[in-house]
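Written out below as C-alpha cells is the structure these notes cover.
Source: prediction; values computed, not measured.
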Protein chains: 2
Amino acid sequence: MNIKEIAKLAKTSASSVSRVINSSGYVKEEVRQRINKVLEETGYRPNAFAKALHSKKSHTIGVILPKINATSSGECVAGIDGFFSAKGYSILLGNTHHQLNKELEFLDIFKEKQVDGVIFIATVLTPEHHKKLQKLAIPTVIIGQESPNNIPCVLFDEYHAAKEMTQYLLTTGKQRIAFIGVDESDISVGVHRRQGYLDALREQHIPIDEHLLAKGDFTHQSGFAACRAIFEKNTLKPDAIFAANDKMAIGAMNYLFSMDLQIPRDISVCGVGGGTLAQFYHPQLTTLIYDYKQAGIIASDLLYRQINKDQSESITAHKTWVNYQLMIGKSTQ
Amino acid sequence: MNIKEIAKLAKTSASSVSRVINSSGYVKEEVRQRINKVLEETGYRPNAFAKALHSKKSHTIGVILPKINATSSGECVAGIDGFFSAKGYSILLGNTHHQLNKELEFLDIFKEKQVDGVIFIATVLTPEHHKKLQKLAIPTVIIGQESPNNIPCVLFDEYHAAKEMTQYLLTTGKQRIAFIGVDESDISVGVHRRQGYLDALREQHIPIDEHLLAKGDFTHQSGFAACRAIFEKNTLKPDAIFAANDKMAIGAMNYLFSMDLQIPRDISVCGVGGGTLAQFYHPQLTTLIYDYKQAGIIASDLLYRQINKDQSESITAHKTWVNYQLMIGKSTQ
DNA sequence: GTGAAAGCGCTAACAA
DNA sequence: TTGTTAGCGCTTTCAC
C-alpha cells in the first residue's frame, strides 16, 4: 500500500495525501476528510525509507556498546532511549560483545543506514576508531572514554571517585587496602580508578604494596580469583578490598565468605557501580554510584543539539562530567 | 557521496559500480579495479534506504520489550542480536517502559521503518495487540506469552517450573509455603506460576491458606513489603517463601534479615530467574533458571525462517518451549 | 561488457 | 487549493 493507492482510493492526488499526512500546505476540508477516512481504513503507514531518501533524515540513532546484557550499558541505553524516543527517534543497536572490529563494522552499518547520530559507549578507543569517526562525519557523542578529536564526550570522574573511596576507607582506619583493578587498555577503569586509589594512599604517606594489587576482568569469577591471589600472596592480610567494579567486589566477598571471614567485622569490601546487585546484596555493598542512565540522557542531549544545531549556537564543551556518589553500605566499617 | 559520483571518479557508469559492489553481472577486470580503488579511497557506503526502497528489505529487525534495563530483556536481546547480527541484520529497539500504548506505537514505527520482522517480548497481550499484529502482516515472533492468532511464540514453561519448585520445597519438609506472586493480567507469571504452586500443594493434599498468598510488582521493595505483610498477617509463620521472581525473593530475604531470621536455618526462600543476582547472592538463592538468551536465539531462528521461508517449508509449531532448570542454592534446606 | 533509463515511495517546487 | 513533475540514490532491465 503506497501513497498513490491511497490517493486513488480517496479520489485525489498523492501530493494532497502527503499534505494531509504531514499537515503541510492547504487541503480543502472535504478532501481532507476523505483522505483521513481512507488512511484510517487502510491503516496506511508511509514508507520511512522513501521519506528519508528525500529528507536525508532517518530519525534513527545508532548506539554502539560492548554488551547489552550488562547493567551499565542497559541503564545507559534506557536513558538514551527515554530521551530520543520522546523526540521521535528510534534506536539502532550495535552490540559488539567487546570485539573491537565489531565497533568499526557498526560504524559502517550505521553510515549505510543513515543514522542521524551515533552514541558510542566506549571501552577502548584505538587510533583506528578516531580515524573512522573522523571520516564518518556523523554527529557523535562518546560515553565513558576521552576522545582526542574534539568529539564531545560524557565522562565519569573515575579518578576522584576512586580517590574519595580510598580516602573513606582510610578514615575508617584501614591500613592495608588491596585493590582489584582491570587491564590498563581500559583507560577509564584500568588507569584512572587505580590512580585515584594510589594517590589517596600517597597523600597519606602510606607506602604502596605491590602485592596488594591484583587484576580481574570485571567478572565475579575474576574477583574471586583476584581476592584469593591476594590472600595467598600476603602473610600480612589486607584489612580492606577495593574492587574496580561491584561484580568483582562480590566475587571477592564470596571468596572471603568461603574463608569464613565476616564482612565488615574482619575486613571491609567496596566496589564501584551501584546497581541492584550492590544495593540489595547482604551485606549491602559500599560502592560508588554512577548514574549510567543519566549519562545516557546527557549524551543524548549533547547529540541532539549537535544534530539540530543552529548556526548561532555556541560551541559546547567537549567534556561533560557525570557526578558520582559514594554510597556507604554495610560492607565497610 | 553517491554512486554517480563514484562512477564519475572511476570514469564509468553507476550501473557498473553497482555491479561491482554487489558482485552481480560482468565487469571487465580493468574497470573493476578502477572502481574498487575509488571505493577504497572514498570509503563509500551505499545508502541503505535507496537500496531498501528497491529491494523492500531493510535487513532490520524490530524488538519490542518492556524494559531494556532488566536482566531478562537484556539477555533476550543479547540472544537476538547474536543471531541476527551474524546474518547481517540490525536491531531496532522498542523500549516500552511497560506502557501498553507504546507497544502499539512501536508496531507502527516499525512498519514505517520497514523492519523485516518483529520480535515481541511480551508482558500483557490485549485484543488490540492481536488486531494490530494481524493487520501489520510483518513476520512476528512472541516471547513469553501465548498468542491466540497463530503467531509463533516462545514460551517458558511457567506452570511446571513453579510446580517443580514447590514440590522441591515440600520434599525438604516445608508445610507452610508462602507465595509472592504478581497481578493476573500477566498470564505467564501472574497466573501460571501461581497455578503451579497451588497444584503442587493440592496434589499433596495441603490446604491452601489464603493468608500465605501475597502480590508484588516484580520489585525488591514489593517483595520486602509482601513478605512483611505475610508475616504480620500470620501468627503461624511460614516456613518457606516462594517468590515469583528473584528480585522479590531478595526483597523478602532482606525483610527476613531485618527480623534477625537466618536463611535457610529459620526459613527457606526461593525465586525465579537465575541471573547474577541469584547466583552471587549470599546465601546463593535457590531459583528457577530460564535461559532468556536462548529464548532470544530460538525466537530469532523462528523469525528468520519466517522471513526467508521457502514455499515448501512445513508449517512450524506455534509454540516452542524453553527449558527451565531448578537451581538449588543455599537459601533453602 | 557497458551505459541509459525506468522505477522503488515519497516530498516539494511549480504550474494550473 | 490542487495535481503534475522532478528528483532523492540505488538496482535492474534492455539496448548497444
Report the distance from atom NZ of Lys111(A) to atom C1' of dG9(D), rounded to the nearest whole Å. 14 Å
Nearest-angstrom distance from the residue atom OH of Tyr26(B) to P of dA15(D): 18 Å
Sort out for me which residue in Asp116(B), Thr60(B), Val115(B) forms a side chain to side chain contact (heavy atoms under 4.5 Å, CB included) with Tyr89(B). Asp116(B)
To the nearest angstrom, the CD1-C1' distance between Ile3(A) and dG7(D) comes to 15 Å
When you check the phosphate oxygens OP1 and OP2 of dG9(D), does a side-chain N or O of Asn47(B) lie under 4.0 Å from one of them? no
Between Ser16(B) and Ile21(A), who's closer to the 5' end of DNA chain C by nearest nucleotide? Ser16(B)
His54(B) NE2 to dG7(D) P: how many Å, rounded? 19 Å
Take atom CD of Glu29(A) and atom C1' of dT2(D), then tell me their distance rounded to the nearest Å. 16 Å
Check this for me: Glu29(B), atom CD, are more than 12 non-hydrogen atoms of other residues, nucleotides or ligands nearer than 6.0 Å? yes
Testing the 3.5 Å rule here: is there a donor-acceptor pair between the side chains of Lys113(A) and Ser90(B)? yes
OP1 or OP2 of dG3(D) less than 4.0 angstrom from a side-chain nitrogen or oxygen of Thr12(A), does that happen here? yes
I want to confirm an ordering. Mapping Pro46(B) and Arg19(B) to their closest nucleotides on DNA chain D, which one lands closer to the 5' end? Pro46(B)
Return yes if the base of dT4(D) and the side-chain atoms of Ser15(A) contain a donor-acceptor N/O pair under 3.5 Å, otherwise no. yes
Return yes if a side-chain donor-acceptor contact under 3.5 Å exists between Asp186(A) and Gln145(A), otherwise no. yes
Do Ile143(B) and Ile119(B) make a side-chain contact, defined as non-hydrogen atoms from C-beta onward lying under 4.5 Å apart? yes
Any Asn22(B) side-chain nitrogen or oxygen under 4.0 Å from OP1 or OP2 of dT11(D): yes
Starting from C1' on dG7(D), measure out to CG on Leu53(B) and report it in whole angstrom. 12 Å
Does Lys28(B) count as lying over the ring of Tyr26(B), i.e. NZ or CZ under 6.0 Å from the six-ring centre, within 45 degrees of the axis? no
Val20(B), Ile21(B), Asn22(B) screened by side chain to side chain contact (heavy atoms under 4.5 Å, CB included) with Ser18(B), the one that passes: Asn22(B)
Specify the separation, in whole Å, of atom NZ of Lys4(B) and atom P of dC10(D). 10 Å
Can you give me the first and the last nucleotide of DNA chain C (5' to 3') that has an atom within less than 4.0 angstrom of a non-hydrogen atom in chain B? dG1(C) to dG9(C)
Using whole Å, report how far NZ of Lys11(A) lies from P of dG3(D). 13 Å
Does dT11(D) have OP1 or OP2 sitting under 4.0 Å from an N or O in the side chain of Ser18(B)? yes
